[in-house]
Structures are given as C-alpha cells and as structure tokens.
Number of protein chains: 2
Amino acid sequence: MKRFILENSFYDDKNNYKNMTTIKDVAKIAGVSVGTVSNVLNELDTVSDKNKTRVMDTIKTLRYKPNKIAASLSKKKTMNIGLVIPDVSSPFYSDLIKGVTETLDAHGYNVFLCSSSGDIGKEKKIINDLLAMWIDGIILIPVYSNKRDIKEMESINTPMVLVNREIKGLTRDIVIFDNFGGAYEATNFLIKNNHKKIIILDGPKYSRPFEDRLLGWKTAMEENKLYNKNLVFRGDFSVESGYDMMVKSLNELKEIDAVFASSDLIALGALNALEEKNVLVPDDISIIGFGDIYLSKFLKPSLTTIRRPFYNIGKTAVSILLEKIAGKSDEEGFKKFVIKGKLEIRNSVKEK
Amino acid sequence: MKRFILENSFYDDKNNYKNMTTIKDVAKIAGVSVGTVSNVLNELDTVSDKNKTRVMDTIKTLRYKPNKIAASLSKKKTMNIGLVIPDVSSPFYSDLIKGVTETLDAHGYNVFLCSSSGDIGKEKKIINDLLAMWIDGIILIPVYSNKRDIKEMESINTPMVLVNREIKGLTRDIVIFDNFGGAYEATNFLIKNNHKKIIILDGPKYSRPFEDRLLGWKTAMEENKLYNKNLVFRGDFSVESGYDMMVKSLNELKEIDAVFASSDLIALGALNALEEKNVLVPDDISIIGFGDIYLSKFLKPSLTTIRRPFYNIGKTAVSILLEKIAGKSDEEGFKKFVIKGKLEIRNSVKEK
DNA sequence: TAATCTTAATGAAACGGTTCATTTTAGAAA
DNA sequence: TTTCTAAAATGAACCGTTTCATTAAGATTA
C-alpha cells in the first residue's frame with residue numbers, strides 16, 4: 001500500500017521514502033521532451049535558451065532531483081570509487097583517507113570506505129562487492145598474505161591502484177612510501193650530528209617496510225664505515241617491543257650514541273626504557289623515530305622523526321586512478337610512484 | 001568502437017571495462033527464463049531443485065555477477081548508507097567510523113564516507129548528493145552552525161540519525177555522549193580522593209559539549225560545597241590554550257589540589273605548564289582529562305581520563321538507523337540515546 | 001520560390017535487473 | 001483417462017535515466 005504525501009512522492013510498503021518526481025514529470029510540465037530535459041541536466045549545448053530556462057524553472061518548482069542510480073545504469077558510470085583499507089580506525093591511515101576522499105570529492109566522485117580488517121578473504125569479498133556495484137575504480141591497501149591469488153587479481157579489469165604495500169607479481173600501478181630513503185636520511189642526520197654508535201630497533205623480518213628501513217639504515221652506516229651487525233635489534237611494531245629491545249641493547253652494548261627506531265611506537269617504548277634507566281634524551285643518547293604519529297610531537301622530549309605524507313600519498317593515488325579511468329594511460333605495464341618522507345626535526349636528537 | 005575481449009565483455013570507447021554478462025545470458029544458457037534466474041539469485045523458494053542447480057552452475061561457468069545498480073533501480077533500495085563527518089581524519093572519529101562501517105557491513109550495507117570539512121554549505125551539498133544516490137539512510141555528525149535551515153532538514157524523508165551533536169529544533173533520533181555525566185563522574189573521583197580545591201579548564205562557551213562538562217563539574221562541586229566561580233577557567237580546545245589557562249590559574253590561585261581538564265588536549269597543555277613550573281603530578285597537583293585520545297595513556301604521567309566509547313556510539317547509531325529503515329519505529333517523535341563514558345584510572349590522580 | 005543546410009527537439013530503445021499476473025507442468029484424486 | 005490443484009516457470013512491464021537516429025523548423029543560398 002502506498003501512502004501518498006506529496007504529488008509523486010510516497011512511502012513504499014517497507015516505509016522507505018523515495019522522491020518520485022521523475023524526468024518525465026519535468027518534461028511534461030515544462031512542455032518539452034525527456035531528451036531535452038536530459039540535455040539540460042547534462043549541460044549539453046543543444047538546447048535553446050528559451051527551453052533551457054523553462055526546464056530549469058520547472059526543475060526548481062517541482063524540486064526535482066535526478067536519480068543517479070538510473071543515470072549510472074544508463075551511462076555505465078557511477079562516479080563512485082572504492083577505498084579498501086585494513087583498518088579504518090588506524091591513525092596511520094586517517095590522513096590517507098582524508099587525502100583520498102577530499103581529492104575524489106573535488107572531482108565529483110564519491111567514495112565507498114571499506115575495511116578488510118586485515119583479512120584476505122574479507123578483502124576479496126569487498127572487491128567483488130565493489131565490482132558488482134560498478135564502481136569506476138579501486139584504491140587498495142592490500143592485506144599481507146601468502147594466500148593471495150594473483151591471477152584472480154590480474155583478471156580484474158576495473159582501474160585499480162595499490163597503496164603502501166606491494167604485491168609480488170602483480171602488475172598494477174602503485175604508490176608507495178620511500179622507506180629506504182627515509183631511513184637513510186634519518187640515519188645520516190644522526191651521523192651528521194656526530195653520532196657514531198647508532199643502533200637500530202627494527203620491526204619484524206617478514207614486513208617489507210621494516211626490511212627497507214633496515215636497509216636504509218645499513219646503507220648509511222656502511223657508507224660511513226659505521227656498520228656492525230651487533231647494532232641491529234629486531235622485534236615487532238609494538239611499544240612493548242621497543243621497550244624490550246632498548247633494555248636488551250643497553251645490557252649488551254656500551255656507549256650507544258643514538259637510536260634509530262623503525263617506528264614511532266618503537267621509539268616510544270625505547271624512550272620509556274631510557275627514562276627508567278635514567279638515561280637522558282638527547283643528552284646521553286639521541287633517538288629518532290619513523291612515521292610521525294600524532295603523539296610524537298607531544299612526547300617529552302618531542303620526537304625527531306620521519307614524517308610520511310599520507311595525505312599526499314592518497315592524493316597521488318587518486319590522480320593516477322583518475323588518469324586510468326579517463327583512459328589516458330593506454331600503455332602496457334605499470335608504474336611505481338615513490339613518495340619521499342620529510343625529516344621532522346624536534347628535540348630528541350642532540351645536534352652537535 | 002567496442003573492443004571485444006571475452007564474450008559479453010568489452011572496453012567501451014572511454015576505455016572503461018565493464019563485465020557485460022547479464023541475467024539474460026545466464027537465462028539463455030541455462031535454458032530458463034530471466035525470472036527464474038532472478039528468483040534463484042534472490043533465494044526465493046519457488047524454483048525447482050533441478051533448475052536451481054542448473055542456474056547456479058551456469059552462473060559459475062559464465063562468472064556472472066549481478067549488477068547491483070540495476071537491482072537498486074528496480075528495487076528502490078541500494079543497501080548504501082551515507083556517513084557524514086566534519087573531519088574524516090580526526091582521531092576523535094576514527095573509532096566512530098570503524099563502529100559504523102563494521103556494523104553496517106555485518107548487515108550487508110555499504111557506506112559512503114563523506115567529509116563536510118566543518119562547512120555547513122558542504123554538508124548540505126553532500127546530503128543532497130547522497131539523496132540523489134538513493135542511499136537508504138544517513139548517519140550525520142552535524143556541523144555547528146547558526147545558518148542551519150531546520151525546515152529543509154525536517155523535510156528530508158530518508159531515515160537519518162544524528163550523532164554527537166544536537167541541533168536545536170530538529171526532531172531526529174540522536175545518539176549522544178553523556179558529557180555531563182562524564183564530567184560529574186570525573187569530578188567526583190577527584191573529590192572522593194580528598195581533593196578540595198579543584199579547578200576546571202574548560203573549552204569555549206558556544207560549544208554545547210563543553211557547557212555540559214562545565215555543568216557536570218559544577219554540579220559535583222556544589223553537591224560537596226566546593227563550588228566557587230573563581231575556579232573556572234575558559235579557553236578553546238587547543239593544547240596551547242590548556243597551557244595558558246594552567247599558567248593563569250597558578251598565578252591567580254594558591255594551593256590548587258586538582259585540575260579537571262575538559263579535554264585531553266587541554267590536559268596535555270596543562271601538564272606541560274605544570275612541568276615547566278616544577279609542579280609534580282600527581283604528587284602536588286592531580287589532573288584528570290576528558291576524551292581519552294590515543295596518546296593519553298603514553299603521557300608521563302599517563303593521564304586519568306574519561307573514555308568516550310565512540311565505537312559503541314557508532315554501533316548504536318547504526319542499529320537505530322536500521323530499525324528506522326526497516327520501518328519498525330512508526331511512532332511520531334524522536335528518541336535520544338545517551339551513551340555513558342568510562343573512567344580510565346591511570347597515574348595522573350593521587351589516590352588518597 | 002525552391003533547394004539546401006543548420007540547429008533544435010523528439011521519442012523510442014537501451015541499460016540490467018525485479019515483479020507479478022498469467023500460463024504451463026506435474027502429481028494426485030476421481 | 002480425465003479433472004483438479006498446487007507448484008513452477010514465464011515473459012512483459014517497469015524502475016528513471018541517456019542516447020541517437022530521425023524529424024521539424026528556421027535560416028541561407030541559388
């Protein structure tokens with residue numbers, strides 16, 4: 001049973017209200033054909049001024065709103081983009097989300113935000129759902145997984161760009177942060193300030209970003225003849241792990257000059273350990289972090305670190321995606337965009 | 001010109017790939033009518049087992065994916081929800097986003113994440129766009145504004161629930177955090193621990209949440225005959241403001257027992273000021289914050305504060321919205337859901 | 001004035017599903 | 001074998017747009 005509220009509007013039997021003024025109503029009242037109304041809506045220059053104003057007026061009086069679903073069906077274009085992220089609440093990705101949504105919005109696109117919860121099966125399902133909704137493109141931060149079916153992903157023909165994590169064997173455009181370069185720069189900053197014995201507190205081995213950061217540190221150290229494998233400590237990405245590694249290093253080594261922590265959370269744990277042992281930062285030991293999370297500038301001392309420009313990463317990903325959607329990049333193969341970090345100099349490194 | 005890749009699939013002239021296997025293809029190959037295929041897809045029990053398996057098999061071999069756009073147009077239901085937030089990257093809202101997306105996902109809904117950037121005009125535009133996309137419902141964190149057109153909002157017939165901020169005169173369901181109760185509880189916690197001279201460092205007057213927190217503090221103070229209007233300091237929500245207010249209070253008052261900061265950021269600023277003045281926390285002065293932002297537990301001392309369960313707030317908002325969509329709540333009027341905070345006891349309050 | 005060329009407007013088909021009144025089928029009962 | 005009935009299957013209409021071949025009207029030229 002339909003309950004009518006206004007002309008052309010009603011609550012359906014499920015109590016869902018839909019505004020039902022259609023393009024046909026507009027056409028009839030304006031005294032033109034539906035094609036003409038459509039042309040006005042799409043700003044095609046084939047309509048006479050007389051009819052244009054007539055149509056616009058009736059649109060206003062009828063409070064007509066074009067139905068984008070119907071337009072999408074007809075045009076085969078939805079102006080919707082899917083953004084798939086392992087954890088939507090992670091402070092790491094909030095700036096990325098912002099960069100992506102704001103840039104897409106500026107181009108008239110809307111974004112479906114989806115959380116894969118770090119689960120490869122969920123990620124797959126989400127991508128399938130997005131494809132069924134005929135989204136025009138996908139921006140994906142892939143889940144780490146060795147169960148990944150590359151063939152299946154390769155067969156997806158909707159434009160897609162990966163962010164922040166590479167997938168071996170997958171030939172897709174990707175925007176990635178320069179972990180190597182950031183670590184290299186951070187380490188060189190310490191070296192330039194006359195620190196010699198610089199340990200690294202790194203994350204797990206299976207993680208590519210942490211491997212890259214280790215390599216950046218190692219390269220800088222080797223170039224300055226400071227490398228020594230005893231300076232390497234590995235754990236996971238947690239604050240606790242940072243604490244443990246710092247304690248361990250203080251027990252094993254003497255006269256540490258500085259600490260390169262592969263993440264700000266590790267640095268935080270290390271900071272706690274140093275305070276507990278009454279080691280002064282930066283007077284006794286300097287410490288540099290990686291990532292610039294929100295709290296880093298509020299720590300005591302505020303943490304010198306490498307900032308990852310996630311907003312820009314998101315923005316870049318969008319512009320690549322939009323190019324692909326526009327069909328400009330017809331070439332085979334794929335591109336890799338490496339976004340550089342920025343050294344945020346604060347108070348945890350002694351400049352000498 | 002269409003470039004054909006596979007049967008029924010092609011790149012259109014804009015280079016957009018669309019999988020074009022339709023329900024008709026499935027019907028033809030399975031040797032049944034489209035209606036039957038549709039019934040299988042929608043799991044209606046009117047199809048014989050024989051045909052059901054036959055259809056499912058051809059769906060699999062053809063790799064057929066139903067087009068949700070077409071289904072939406074026909075069903076007048078999109079299974080999409082709009083989530084409108086002033087700032088998608090704000091750490092305050094990341095848990096809310098998570099609560100909303102995860103809960104909706106569990107019910108088969110997808111979410112459009114939209115950022116109003118704190119701008120009322122943008123918010124209006126977003127809502128209009130969402131309505132044009134025939135989303136089934138809206139979850140809105142409204143922008144503060146005195147330019148708000150209540151009539152226009154009232155006339156929206158799509159289910160909508162407001163979160164975290166009330167709009168005067170708007171009769172919509174709303175889920176809101178109990179600012180009064182949280183402040184009341186925090187203050188009483190200080191009082192219970194024998195603090196008498198408790199100042200409040202509050203946010204701006206025009207902000208309802210801060211007004212409510214002030215009221216909660218005041219009520220607790222009055223009930224214990226501790227209230228005195230000299231104990232009230234007001235600024236904005238920034239760290240700097242917290243610092244300034246703390247310095248000012250130390251200059252004006254003697255023997256402050258404790259500080260109730262209306263936000264964790266204010267508390268952080270106050271903490272900085274106290275450290276600078278060599279006032280020990282919690283030994284000389286206790287401090288309690290409000291909000292439990294990510295960094296609070298990492299501060300030195302870790303900050304005792306009121307935690308706002310944003311994940312649950314999001315979850316609650318969704319369940320109310322889904323009820324409205326299902327059309328269960330046919331009654332007139334609207335409901336207000338007040339979600340209580342939780343006292344996180346850490347190390348910035350001296351328990352005595 | 002007739003013929004030709006532009007420009008504007010038209011309206012039916014298409015997009016890919018769902019729905020439902022109608023028809024067909026199969027099985028049971030007579 | 002015929003009749004009846006319930007279950008299953010059908011297919012055309014519909015959802016609200018866009019698109020484009022066709023038509024109509026007006027302007028220009030010979």
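All values derive from a computational prediction rather than experimental measurement. Just so it is clear: chains get the letters A, B, ... in the order the sequence lines come, proteins before strands, and each one is counted from 1.
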Novice: Checking contacts here: which listed nucleotide (dG17(C), dT17(D), dT18(C)) is nearest the side-chain heavy atoms of Asn42(B)?
Specialist: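 Among the listed nucleotides, the one closest to the side chain of Asn42(B) is dT18(C).
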Novice: If you only use heavy atoms from C-beta on, which nucleotide in dT19(D), dG16(C), dT18(C) is closest to the side chain of Ser38(B)?
Specialist: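 Nearest nucleotide to the side chain: dT18(C).
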Novice: Whole-Å distance between dG17(C) C1' and Lys65(B) NZ?
Specialist: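 Atom-to-atom, Lys65(B) to dG17(C), this comes out as 16 Å.
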Novice: Mind calculating the distance between CD1 (Ile69(B)) and C1' (dT18(C)) to the nearest angstrom?
Specialist: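 It works out to 15 Å between those atoms.
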Novice: Is it true that a side-chain atom of Thr78(A) and a backbone atom of Asn80(A) form a donor plus acceptor pair closer than 3.5 Å?
Specialist: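 Yes, the answer is positive, given that a donor and an acceptor are paired below the 3.5 Å cut-off.
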Novice: To the side chain of Val34(B), which of dG11(D), dT19(D), dC15(D) is closest?
Specialist: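 The answer is dG11(D).
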Novice: So for atom CE, which belongs to Met79(A), do other residues, nucleotides or ligands contribute more than 12 heavy atoms lying within a distance under 6.0 Å?
Specialist: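 Yes, CE of Met79(A) has more than 12 neighbouring heavy atoms, counting only those of other groups under 6.0 Å.
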Novice: What's the CE-P distance between Met133(B) and dC15(D), to the nearest Å?
Specialist: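 It works out to 23 Å between those atoms.
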Novice: Send over the distance from Lys24(A) NZ to dT10(C) C1', rounded to a whole Å.
Specialist: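 Rounded to the whole Å, the gap is 15 Å.
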Novice: Of the options dT18(C), dT10(D), dT17(D), whose atoms approach the side-chain atoms of Ser33(B) most closely?
Specialist: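 Of all the options, the side chain of Ser33(B) is nearest to dT10(D).
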Novice: Please answer whether the main-chain N or O of Ser38(A) pairs with a side-chain N or O of Asn42(A) as donor and acceptor at a distance below 3.5 Å.
Specialist: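 Yes.
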Novice: Just to be sure I understand the rule, does Thr46(B) reach a base, reach only the sugar-phosphate, or reach nothing, if contact means heavy atoms closer than 4.0 Å?
Specialist: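 Sugar-phosphate, backbone atoms only, no base.
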Novice: With DNA chain D as reference, determine whether Ala70(B) or Val32(B) sits nearer its 5' end, using the nearest nucleotide of each.
Specialist: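 Nearest-nucleotide comparison on DNA chain D picks Val32(B).
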Novice: In whole Å, I'd like the distance from the CG atom of Leu73(A) to the P atom of dT18(C).
Specialist: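 Going from Leu73(A) (CG) to dT18(C) (P), I get 12 Å.
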Novice: Do Lys336(B) and Glu166(B) sit within salt-bridge range, that is, some charged N less than 4.0 Å from a carboxylate O?
Specialist: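 Judged by the 4.0 Å cut-off on N to carboxylate O distance, Lys336(B) and Glu166(B) do form a salt bridge.
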Novice: Looking at Asp149(B) and Lys124(B), is there a salt bridge between them, counting it only when a charged N and a carboxylate O are closer than 4.0 Å?
Specialist: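 Salt bridge between Lys124(B) and Asp149(B), a charged N being under 4.0 Å from a carboxylate O: no.
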Novice: Give a yes/no on whether any side-chain N or O of Asn51(A) is located under 4.0 angstrom from OP1 or OP2 of dA9(C).
Specialist: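 Affirmative; the distance criterion is met.
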Novice: Looking at dA9(D), I'd like to know if its phosphate oxygens (OP1 or OP2) sit under 4.0 Å from a side-chain N or O belonging to Asn39(B).
Specialist: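 No.
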Novice: May I have the distance from Lys68(A) (atom NZ) to dC15(C) (atom C1'), rounded to whole angstrom?
Specialist: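 Result: 19 Å.
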Novice: For the side chain of Thr22(A), counting heavy atoms from C-beta on, which of dG17(C), dT17(D), dA12(D) is nearest?
Specialist: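 Comparing dG17(C), dT17(D), dA12(D) against the side chain of Thr22(A), the answer is dT17(D).
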Novice: Would you say dG16(C) has OP1 or OP2 under 4.0 Å from some side-chain N or O of Lys76(A)?
Specialist: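 Yes, Lys76(A) has a side-chain N/O under 4.0 Å of OP1/OP2 on dG16(C).
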Novice: Looking only at side-chain atoms of Ser74(B), point me to the closest of dA9(C), dG17(C), dT17(D).
Specialist: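 The answer is dG17(C), which lies nearest to the side chain.
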Novice: Rounding to an integer number of Å, can you tell me how far Asp25(B) CG sits from dG16(C) C1'?
Specialist: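 To the nearest whole Å, that distance equals 10 Å.
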Novice: With heavy atoms under 4.0 Å as the rule, sort Ser48(B) into base, sugar-phosphate or nothing.
Specialist: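 Contact class for Ser48(B): sugar-phosphate only.
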